[in-house]
Amino acid sequence: MTKNSAVAVAQRTELVSISDGIATVEIAPAAGGALASYRWWRDGSAVDWLRPADPVAISRRDAGAMACFPLVPYSNRIRGGRFEFAGRSIQLPSQPDDPHYEHGHGWRRPWTVISHQASMIVLRCRHTADTWPWSYEAEQAISLADGRLCMTIAVRNLSDAPMPVGFGLHPYFPSTPWTHVQARVSGMWETDAEVLPIRHVPPPAGADPSIGFDVSEVDFDTVFTGWTRRARISWPEHERQLDIEAEAPLDFLVLYTPPGEPFFCAEPVSNITDAFNRMDDEKIHTGCIVLAPGQKQSASIRFTPSLAV
């Protein structure tokens, strides 16, 4: 398939796909550039490594019900959708059901297919300055090799002034009674009733920097700090596991484990929640990046599945 014909197909359909003969990824460009599925086919059955989107979510272009969506130009919440930067007051278009303008723009807007090959696709989204008073461009390069998924996300400042930024991915994973997560962290942020940070504390394991837990036994909506950018998810009853490896500056791991739901999230991100409102506190590592005009920041996340635990 040529580049032009691939772009035309993407414009006519809800989903486009890539495959390497082992894994297949479906992408919904119009739904916030989100992934709709990432699966292997084994003996005629699907092995879903991410929570697959159902047809209703796809038809509604509901990024929040997809398998994974991009986080740009920041991760998580900004208190009241308001912050100050370089002497300028910023007020984002918050609503009663979204008072902190969660996760920025990327997941709210359609993305354009820039190139499409058998096992790789590149998507782009451009923002023109508005209530977020900087223009920028975001790209996702999504590829498969030997069943492994690699996603590279990049943000470039297209404005003529420095721009604060954060980014990352918001993947959803299947949750079963025995699903286990293992990661190495050094701290975490306690939050208030609106899931905004109030205090940096040691992780649940205390002095032990290794955090491991069964998803069904915890209730997290938490930013973990000191993450080594490695995590392992295992489904022992299915004899399979998934290793996550992220690059700097994705130095934080957000874990979201809603009780009773058939999914959970483990999100590699570059900034803590409400980072832009804490930039002046030199005691806190917010992860906030400031891009000069024309400057670009990128990072890759690799997902490596295995059927042997």
**Prompt:** Does the pair Asp214 and His180 meet the rule for a side chain to side chain contact (heavy atoms under 4.5 Å, CB included), with working shown?
**Reply:** CA-CA 4 Å; Asp214 290 335; His180 187 80; 3.0 Å; yes
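- Look at Arg77 and Asp274 and you find no salt bridge, because none of the NZ, NE, NH1 or NH2 atoms lies under 4.0 Å from a carboxylate O.
- Side chains of Glu237 and Pro177 form a contact here, defined as non-hydrogen atoms less than 4.5 Å apart.
- Distance check: Ser143 OG to Ile121 CD1 gives 11.5 Å after rounding to the nearest 0.5 Å.
- Counting only distance, with no hydrogens or angles, the side chain of Thr286 and the backbone of Arg278 share no donor-acceptor pair below 3.5 Å.
- Across all non-hydrogen atoms, the minimal contact from Ser89 to Glu84 is OG-OE2, 3.4 Å.
- Annotation for Phe276 and Pro73: closest pair CZ-O, 4.1 Å, computed over non-hydrogen atoms.
- Looking at Trp111, its side chain does come within 3.5 Å of a backbone N or O of Gly32 through a donor-acceptor pair.
- No single ILVMFWY cluster, assembled from side-chain heavy atoms under 4.5 Å apart, contains both Val254 and Tyr74.
- Across all their heavy atoms, Gly294 and Arg156 have their closest contact at O-NH1, 3.4 Å.
- Considering all non-hydrogen atoms of both residues, Leu253 and Ala266 come closest at CD1-C, 4.0 Å.
- Linking ILVMFWY side-chain heavy atoms closer than 4.5 Å, directly or via other members, places Phe224 and Val195 in two distinct hydrophobic clusters.
- No donor-acceptor pair under 3.5 Å is formed between the side chain of Tyr172 and the backbone N or O of Phe69.
- Atom OH of Tyr256 has 12 or fewer heavy atoms from other residues, nucleotides or ligands within 6.0 Å.
- Every residue two or more places apart in sequence or in another chain that forms a salt bridge (Lys or Arg N to Asp or Glu O under 4.0 Å) with Asp243 is listed here: Arg232.
- Using a 30° and 60° split on the angle between ring planes, Trp132 and Phe83 fall in the tilted class, from 30° to 60°.
- For the pair Leu15 and Ile58, the minimum side-chain heavy-atom distance is below 4.5 Å.
- Leu144 and Ala23 make their closest contact through CD1-O, 3.4 Å (heavy atoms, listed as atom of the first residue, atom of the second, distance).
- Counting heavy atoms from C-beta outward, Glu14 and Arg61 have side chains that approach closer than 4.5 Å.
- Between Tyr136 and His105, the ring planes are parallel. Angles under 30° get that label, and only those over 60° would be called perpendicular.
- Criterion: ILVMFWY side-chain heavy atoms under 4.5 Å apart, direct or through other members. Under it, Val72 and Trp107 are not part of a common hydrophobic cluster.
- Between Pro174 and Thr179, the closest side-chain pair of non-hydrogen atoms is not below 4.5 Å.
- A salt bridge does not link Glu137 with Lys296: none of the charged nitrogens is closer than 4.0 Å to a carboxylate oxygen.
- Residues Phe173 and Val25 are members of one and the same hydrophobic cluster, defined by side-chain heavy-atom contacts under 4.5 angstrom among Ile, Leu, Val, Met, Phe, Trp and Tyr.
- One distance of note links SG of Cys125 with CD of Gln140; it measures 9.0 Å at 0.5 Å rounding.
- Counting only distance, with no hydrogens or angles, the side chain of Glu190 and the backbone of Ile198 share no donor-acceptor pair below 3.5 Å.
- The distance from the CD1 atom of Ile272 to the CH2 atom of Trp189 is 5.0 Å, given to the nearest 0.5 Å.
- Applying the side-chain hydrogen bond (donor to acceptor under 3.5 Å, both in side chains) test to every pair with at least one member in residues 29-45, sequence neighbours left out, gives these pairs: Glu26-Ser37, Arg39-Asp48.
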**Request:** Show your reasoning for whether side chain to side chain donor-acceptor pair (under 3.5 Å) applies to His238 and Thr176.
**Result:** CA-CA 10 Å; His238 299 305; Thr176 66; 5.2 Å; no
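- Judged purely by atom type and a 3.5 angstrom limit, Asp20 uses its side chain to pair as donor or acceptor with the backbone of Ile22.
- For the side-chain contact (heavy atoms from CB on, under 4.5 Å) with Val165, the qualifying choice from Ile289, Val290, Asn271 is Ile289, the only one to do so.
- Taken to the nearest 0.5 Å, the CD1 atom of Ile142 stands 7.5 Å off from the CG atom of Leu149.
- Under the 3.5 Å distance criterion, the side-chain polar atoms of Ser94 are matched with a main-chain donor or acceptor of Pro99.
- Listed here is the closest heavy atom pair of Met66 and Ala28: CE-CB, 4.0 Å.
- Atom CZ of Arg60 has 12 or fewer heavy atoms from other residues, nucleotides or ligands within 6.0 Å.
- The closest side-chain heavy-atom distance from Thr131 to Gln91 is not below 4.5 Å.
- Within the 3.5 Å criterion, the main-chain N or O of Ala161 finds a donor-acceptor partner in the side chain of Ser159.
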**Request:** Could you check Phe303 against Ile244 for side chain to side chain contact (heavy atoms under 4.5 Å, CB included), going step by step and ending with a plain yes or no?
**Result:** CA-CA 5 Å; Phe303 301 90; Ile244 303 172; 3.9 Å; yes
**Message:** Go through it in stages, so that I can follow the logic: the residues are Phe213 and Thr257, the test is side chain to side chain contact (heavy atoms under 4.5 Å, CB included), and I'd like the CA-CA distance, side-chain angles, deciding distance and then a yes or no.
**Reply:** CA-CA 11 Å; Phe213 59 88; Thr257 59; 4.2 Å; yes
**Item:** Working for side chain to side chain contact (heavy atoms under 4.5 Å, CB included), residues Arg109 and His127
**Value:** CA-CA 9 Å; Arg109 300 177 180 178; His127 170 79; 2.6 Å; yes
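- Contact check for Phe220 versus Val215: no side-chain heavy atoms found under the 4.5 Å cut-off.
- Within a 6.0 Å sphere centred on CG of Asp280, other residues, nucleotides and ligands contribute 12 heavy atoms or fewer.
- The closest side-chain heavy-atom distance from Val269 to Leu71 is below 4.5 Å.
- Side chains of Ser75 and Glu267: no donor on one and acceptor on the other come within 3.5 Å.
- Residue Arg302 qualifies as enclosed at atom CZ: its count of foreign heavy atoms under 6.0 Å is above 12.
- Remark: the backbone N or O of Ser135 is not paired with any side-chain donor or acceptor of Thr128 at under 3.5 angstrom.
- Ile233 and Trp227 fall within the same hydrophobic cluster, where Ile, Leu, Val, Met, Phe, Trp and Tyr residues are linked whenever their side-chain heavy atoms come under 4.5 Å apart, directly or through other members.
- In this structure, CZ on Arg184 lies 7.0 Å from OG1 on Thr228, to the nearest 0.5 angstrom.
- In this structure, His285 has its ring center under 6.0 Å from that of Phe252.
- More than 12 heavy atoms of other residues, nucleotides or ligands sit less than 6.0 Å from atom CG of Asp281.
- Between Cys265 and His170 there is a side-chain heavy-atom pair separated by less than 4.5 Å.
- The CH2 atom of Trp134 lies 11.0 Å from the CG atom of Leu291; values are rounded to the nearest 0.5 Å.
- Listed for the Ser270 side chain is a donor-acceptor partner under 3.5 Å among the backbone atoms of Phe167.
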